[in-house]
Amino acid sequence: MKYPEYKQPLDYAKVGEDVLAWWQQNHIFEKSVSSREGQPTFVFYEGPPSANGAPGIHHVMARAVKDIFCRYQTMLGKQVPRKGGWDTHGLPIELQVEKELGITKEDIGHKISIEDYNQRCKETVMRFKAQWDDLTQKMGYWVDLDDPYVTFEPEYIESCWALLKKLYDKGLLYKGYTIQPYSPAAGTGLSSHELNQPGTYKDVKDTTAVAQFKVKHDEKSEKLFAAAGAPNANVFILAWTTTPWTLPANTGLAVGKNIPYQLIRTFNPYTFEPIHVVLAKALVGRYFSEKGAAALLEGYAESDHKLLPWRLEGEFTGADLVGINYERLFDTEAGFPHFEGEENAFRVIPADFVTTEDGTGIVHISPTFGADDFRAAQLAGIPALMVPDDQGKLGPIVDRTGRYVAQMGEFGGRWVKNYDGHDQSGADYKTLDESIAIRMRTNGTAFKTEKYEHTYPHCWRTDKPVLYYPLDSWFIKTTAVKDRLIELNKTINWKPESTGSGRFGNWLENLVDWNLSRSRYWGTPLPIWRTQDRTEEICIGSIAELKAEIDKAVAAEVMTHNPYANGEKIDLHRPYVDDIFLVSPSGQPMYREPDLIDVWFDSGAVPYAQWHYPIENADIFHKNFPADFIAEGVDQTRGWFFTLHALAVMLEDSVAFKNVIANGLVLAKDGQKMSKRLGNAVDPFATIKQFGPDATRWYLIANAPPWDNLKFDPAGVVEVQRRFFGTLFNTYSFYALYANLDGFEIDENNRVAHAELSELDRWVLSKLQSLVAEVRLQLDSYDPTKAPGPSRIS
RNA sequence: GGGCUUGUAGCUCAGGUGGUUAGAGCGCUACACUGAUAAUGUAGAGGUCCCUGGUUCGAGUCCAGGCAGGCCCA
């Protein structure tokens, strides 16, 4: 018998196992790479999976996508090296270890040493590696598992340090601040994880204020004064805040570009002065009554002031207001401090978070006390109000204990909230918010002040209100290359296109600097050492450099000995690097900046660090950069896709990848998200065991484009199995049966001349060539779903 | 709240640049074959193209506004 005949029913899982065994015995994957030595390469980067959880069915889909294009290019004759890798650092692993040990972040360094804790993280992260390797093989994903990169290895970290140093030398690494939840009572920053603890958000009654910001009359504001009908009119912009203590730190006002605003002629309800105010059209009704519109303007000052008269004078959009200058509310004449950049402050700017839900539709911006404020101000070039402390270091108007700094005039030294537990029971006791409100009512800068109940986050340890406060962080100045990031992004072939131009493109348009700092333990440490007075610092770019600097420090007696002198293997993690002190050129000791870097830096560094570049292997790196193709979930848009792109543009002035598929999610068959809790998660091992890898992969790819969400229905896999593989199998069996009966044999050396072929034969050959052309066309354009299409039709 | 995305037959999905009776597979119904048979062939039924407005001689397709699901970010 020439052609093997199989019995029904065919065991698809068995076929998969047999093929896998044959691959492994004959090293087929290895040969598919080694046999193409010298051929053009097709560069692929494996997005490192984190091995701290079991793989799911969506990983099978993501990896099937990767596998398809790598194999296709291999079949076209290219060499496609595929280095596997593991992402091993980061918060999810730390949280898992904390949970398993029953500890919190505060216990690290006390109940458990940093050394033991990090050891535990290292063990935990590789716990599922065996499962991942198993799935990788069973699903038939070809990737090099024998020589993967691992982000916690010293060589990998060393590469990250070298890259950081390159950025540092280009002036792209700097220390600044970011607005984070901060507990003055506990003296510590809070993570979003801590803020999500139950009970942190409480209803509190605060003094709120609608402040009047006086518009300066210049060409930017001319239209307002024209509508008011007097060049010397008192025109104010109204902004509401639930935290009046932030008003002295105001440096800007934010409007929504498309929101309609109105100019209203009326009176200040406390001083009875005639004024003109600007607020959102949608909110005029909150402050002005129907009756007031009809009330006489004349005679209000002498009336009982119960009814506030008003008149509409004009309407503008937010875009009309942008750029208008206004007078500082708490000015230097009243004893409040000058600050750096104040000539650029006190301007109306646009912001996308402005709504007309509450307040006045205009948001008071204090860049030191709000994350949104900070971001909007940074985008618009508005400075923050910062004052120097006794050491000359710039800081916000509130110190770390929660008090106004001394420079704050009549309010200097006042507590922002009651952080020290002082007595508030006295009859004439006033909170800072109340004192500020009284001042504003007196000098005609408050349009309305009232008590208002709202929810506000509190520190889970001290029960005191949280402040949003500027905390030190290290940044990569991605905004310096923003235009180039956008420009190069346009050269990338995104599948689907909308992810590149929309989600990713918009993200780049609104880019802020990349906050690298993480106050954690398990990750790549920041390789920067500084003197205590912050005047001297060094960025270490390699282990060799570190050793040399340690030798200098030992010579200067800053360190007693070099812990790496006798050639033992270096561990660059905490706590070891924290125990290294270096010496500055002027002879001062330097201490490591205690932060870790964002794990996304680790993964963005894959193209370099997987080869231990730039320490070594420059030739290998250049041969394998940039990638021709990568694929990952759409949730990586601001993660891996961004960090790859950002680092490539800053370091190499290049894209990191030319083609990218951003695949969607795999949902349960009812369209719900898969979760262990709902019990609707599909086990990839069971699926492959039941249906075999071929039907599983075919279903995942052919059923819907990978960038759409896929509703995973096992019945669909059954259908694929019957419809496609069943047909294929039956067709083969039919052929095998009769070919064997007739003793048909193909004689490669004596084929029938084309001209002598029957019409039917020629039709079939034509059909085949059309199929090949169609499949190639679709695979060349990175559409794996359309590629199998033609083969499904007869 | 913002960005992106999806909504076409019972199910899963196709439907460049607007143009006759809106398609495929599965499922369903009927018939045929009974040496491919837990198959195969032939035929058929089945749709308010999410809703509302608009542009147009003409809209599943273009525009605006909603509704519902999803992802990411606040």
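Throughout, a chain's letter reflects where its sequence line sits, starting with A, and its residues are numbered from 1. Heavy-atom basis, side chains included; hydrogens, waters and symmetry copies ignored. The model shown is predicted, which means the values in this text are computed figures rather than measured ones.
Between B/G47 and B/G65, the distance separating the two P atoms is 33 Å to the nearest Å. B/G46 and B/G3 have their P atoms separated by 43 Å, with the value rounded to a whole Å. Rounded to a whole angstrom, the distance from the C1' atom of B/U40 to that of B/A59 is 42 Å. One C1' atom belongs to B/U12, the other to B/C73, and the distance between them is 31 Å to the nearest Å. To the nearest whole angstrom, the two P atoms, one in B/U6 and one in B/U21, are 28 Å apart. Straight-line distance between the P atoms of B/G7 and B/A14: roughly 7 Å, to the nearest whole Å. Only the C1' atoms considered, B/G18 is 9 Å distant from B/U56, to the nearest whole Å. Annotation: B/A64 and B/A22 have their C1' atoms spaced 25 Å apart (nearest Å).
Residue A/Asp372 is in sugar-phosphate contact alone, with no base atom involved, counting any heavy-atom pair closer than 4.0 Å across all strands shown.
Taking the side chain of A/Lys711 as heavy atoms from C-beta on, and the options B/A14, B/C71, B/U12, the nearest nucleotide is B/U12.
For B/C13, the paired nucleotide is B/G23, the pair qualifying as Watson-Crick or G-U wobble because both relevant distances are below 3.5 Å. Within the shown strands, B/G3 is the pairing partner of B/C71 under the Watson-Crick or G-U definition, both distances less than 3.5 Å. The pairing partner recorded for B/U61 is none, the criterion being a Watson-Crick or G-U wobble arrangement whose two distances lie under 3.5 angstrom. Base pairing annotation: B/G35 forms no Watson-Crick or G-U wobble pair, as no partner gives both donor-acceptor distances under 3.5 Å.
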Check: Are A/Phe641 and A/Thr499 close enough, and set up right, to give a side-chain contact (heavy atoms from CB on, under 4.5 Å), and what steps lead you there?
Finding: CA-CA 11 Å; A/Phe641 295 152; A/Thr499 297; 5.6 Å; no

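Following rounding to the nearest Å, A/Asp708 (CG) and B/U12 (P) show an atom-to-atom distance of 13 Å. Atom CG of A/Leu700 and atom C1' of B/U12 are 13 Å apart (whole Å). Going from atom CG of A/Asn510 over to atom C1' of B/C72 covers 14 Å, rounded to whole Å. A/Asn709 places its CG atom 13 Å from the C1' atom of B/G7, with the value rounded to the nearest Å. One interatomic measurement links the two molecules: CZ of A/Phe641 to P of B/C73, which rounds to 14 Å at whole-angstrom precision. The CG-P distance, from A/Asn506 to B/A74, rounds to 15 Å in whole Å. Atom C1' of nucleotide B/U12 and atom CD1 of A/Ile701 are separated by 15 Å, given to the nearest angstrom. We find that CG of A/Leu379 is positioned 18 Å from P of B/G2, with the value rounded to whole Å.
The aromatic rings of A/His645 and A/Phe657 lie tilted to each other, with the angle between the two planes from 30° to 60°. Classification of the A/Tyr468-A/Tyr456 ring pair by plane angle, with boundaries at 30° and 60°, yields perpendicular.
Position along RNA chain B of the nearest nucleotide to A/Asp713 versus A/Thr499 favours A/Thr499 as the more 5'-ward residue.
A donor-acceptor contact under 3.5 angstrom links the side chains of A/Asp598 and A/Trp514, judged on distance only.
Tested against A/Tyr782, the residues A/Phe69, A/Trp707, A/Trp494 include a single ring pair (Phe, Tyr, Trp, His ring centres under 6.0 Å) partner, A/Phe69.
With rounding to the nearest 0.5 Å, the separation of CZ in A/Arg520 from CD1 in A/Ile93 is 11.0 Å.
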